[in-house]
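Below is one structure; the comments refer to it alone.
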Amino acid sequence: MNRLSDKDLVDRMEILAQMVEKLGVKDCAAFGRGGINPEVLGRMFNLMDDASLQRFSGIVVNAMAADLRQFPPARKALQEDVEQAFMEMGTHLTKEDAQRMADNLQDTASLPDDEACWTARILYREGSELKGRNRRNLALALING
């Protein structure tokens, strides 16, 4: 995924933002923790409309093709770029929610399901609302973990 174009990365983030909103708390929490098993993945795909599923499938194919070609070069989000994206995101959240997000992102694996899900939903929803460079950088950061 780290060879994808900025457009594909942003499209992926937007599709996933829509999906995590529809997932139940337990599946949403698993997604937020990065522990998606085939059952959860199947439920996620079943929640997608045909257009989103087609877009998402195209993104996966693009990622696979880029990996096979080993081109374009793999990318990783720079820490300062991610910090800038989070600063913008923080302007859309209450001070309490921004702090909650920052605290939760320190160790998502240990969060209770409702908190892990809240974090995933806010991260993808607000990330999709960012503008320009911050949007692209967060979309890249989300695939790098």
Side-chain angles (χ1 to χ4, degrees), residues 1-37 40-67 71-145:
M1 292 280 174
N2 59 358
R3 296 175 189 277
L4 287 171
S5 69
D6 288 343
K7 181 189 178 326
D8 279 346
L9 289 172
V10 168
D11 283 352
R12 176 187 175 275
M13 181 173 61
E14 290 174 351
I15 292 166
L16 291 174
Q18 293 170 9
M19 271 199 303
V20 296
E21 291 293 336
K22 295 176 183 176
L23 286 173
V25 171
K26 186 174 174 107
D27 287 345
C28 174
F31 172 82
R33 291 184 189 107
I36 302 176
N37 63 41
V40 173
L41 192 58
R43 286 192 290 272
M44 288 175 71
F45 289 141
N46 284 333
L47 293 171
M48 283 188 200
D49 60 56
D50 289 343
S52 294
L53 185 56
Q54 187 172 2
R55 279 176 56 204
F56 195 79
S57 297
I59 292 166
V60 171
V61 167
N62 290 346
M64 290 170 54
D67 278 345
F71 186 82
R75 304 181 293 158
K76 185 164 178 66
L78 300 175
Q79 183 66 30
E80 57 267 18
D81 292 339
V82 176
E83 289 171 4
Q84 182 62 41
F86 274 104
M87 286 177 60
E88 181 185 338
M89 187 185 300
T91 66
H92 301 137
L93 300 173
T94 66
K95 185 177 179 179
E96 294 78 17
D97 281 350
Q99 186 61 54
R100 181 180 174 191
M101 172 68 75
D103 292 344
N104 287 356
L105 288 173
Q106 296 301 311
D107 185 15
T108 56
S110 67
L111 295 174
D113 285 353
D114 61 334
E115 246 349 80
C117 181
W118 178 87
T119 302
R121 286 179 175 161
I122 295 296
L123 183 61
Y124 278 85
R125 181 188 318 137
E126 294 299 326
S128 294
E129 296 297 320
L130 295 175
K131 303 294 180 214
R133 184 172 186 240
N134 287 336
R135 187 178 195 179
R136 294 187 304 270
N137 287 328
L138 185 65
L140 178 59
L142 288 172
I143 58 125
N144 290 139

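The CG atom of Asp8 sits 11.0 Å away from atom CZ of Phe56, with the distance rounded to the nearest 0.5 Å. Atom CG of Asn137 sits about 11.5 Å away from atom CD of Glu83, to the nearest 0.5 Å. The distance from the CE atom of Met87 to the CD atom of Glu80 is 12.5 Å, given to the nearest 0.5 Å. Distance OG/Ser128 to CG/Leu16: 8.5 Å, rounded to 0.5 Å.
Under the rule for a side-chain contact (heavy atoms from CB on, under 4.5 Å), the partners of Arg135 that lie at least two apart in sequence or sit in another chain are Val10, Met13, Glu14, Leu130.
In terms of heavy atoms, Gly32 sits closest to Ala120 at CA-CB, 3.8 Å. For the pair Ile143 and Asn2, the tightest heavy-atom approach, listed with the atom from each and the gap, is CD1-CA, 3.2 Å. Closest non-hydrogen pair, Leu138 versus Ala85, comes out as CB-CB, 4.1 Å.
Taking 4.5 Å as the limit, every side-chain heavy atom of Ile122 sits out of range of all side-chain heavy atoms of Asp97. Side chains of Leu123 and Met89 form a contact here, defined as non-hydrogen atoms less than 4.5 Å apart. Side-chain contact between Asp67 and Met1: absent, with no pair of heavy atoms (C-beta onward) separated by less than 4.5 Å. By the 4.5 Å heavy-atom criterion applied to side chains, Asn104 and Met101 are not counted as neighbours. Ile59 places a side-chain heavy atom less than 4.5 Å from the side chain of Ile15. Taking the side chain as every heavy atom from C-beta outward, Arg136 and Leu9 never approach each other to under 4.5 Å. With a 4.5 Å cut-off on side-chain heavy atoms, Gln84 and Leu78 do not count as touching.
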Requested in this report: Could you walk me through whether Asp113 and Arg33 pass the side-chain contact (heavy atoms from CB on, under 4.5 Å) test, one step at a time?
Outcome: CA-CA 9 Å; Asp113 285 353; Arg33 291 184 189 107; 2.9 Å; yes
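Not one N or O on the side chain of Arg3 forms a donor-acceptor pair closer than 3.5 Å with the backbone of Asn62. Under a 3.5 Å cut-off, the side chain of Arg12 and the backbone N or O of Ala139 do not form any donor-acceptor pair.
For Glu21 and Arg125, the salt-bridge test passes: some basic side-chain N is under 4.0 Å from an acidic carboxylate O.
Enclosure of atom NZ in Lys22 by more than 12 non-hydrogen atoms of other residues, nucleotides or ligands within 6.0 angstrom is indicated.
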Quiz: residues 40-49 side-chain donor-acceptor pairs under 3.5 angstrom, not counting sequence neighbours:
residue	atom	partner	partner atom	Å
Arg43	NE	Asp27	OD2	2.5
Arg43	NH2	Asp27	OD1	2.8
Arg43	NH2	Asp27	OD2	3.3
Asn46	ND2	Gly42	O	3.3
Asp49	OD1	Ala51	N	3.1
Asp49	OD1	Ser52	N	2.7
Asp49	OD1	Ser52	OG	3.1
Asp49	OD2	Ser52	OG	3.4

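Applying the ring pair (Phe, Tyr, Trp, His ring centres under 6.0 Å) rule to pairs touching residues 94-136 yields Phe31-Tyr124, sequence neighbours excluded.
Side-chain contact, Asp103 with Gln99: a donor N or O sits under 3.5 Å from an acceptor N or O.
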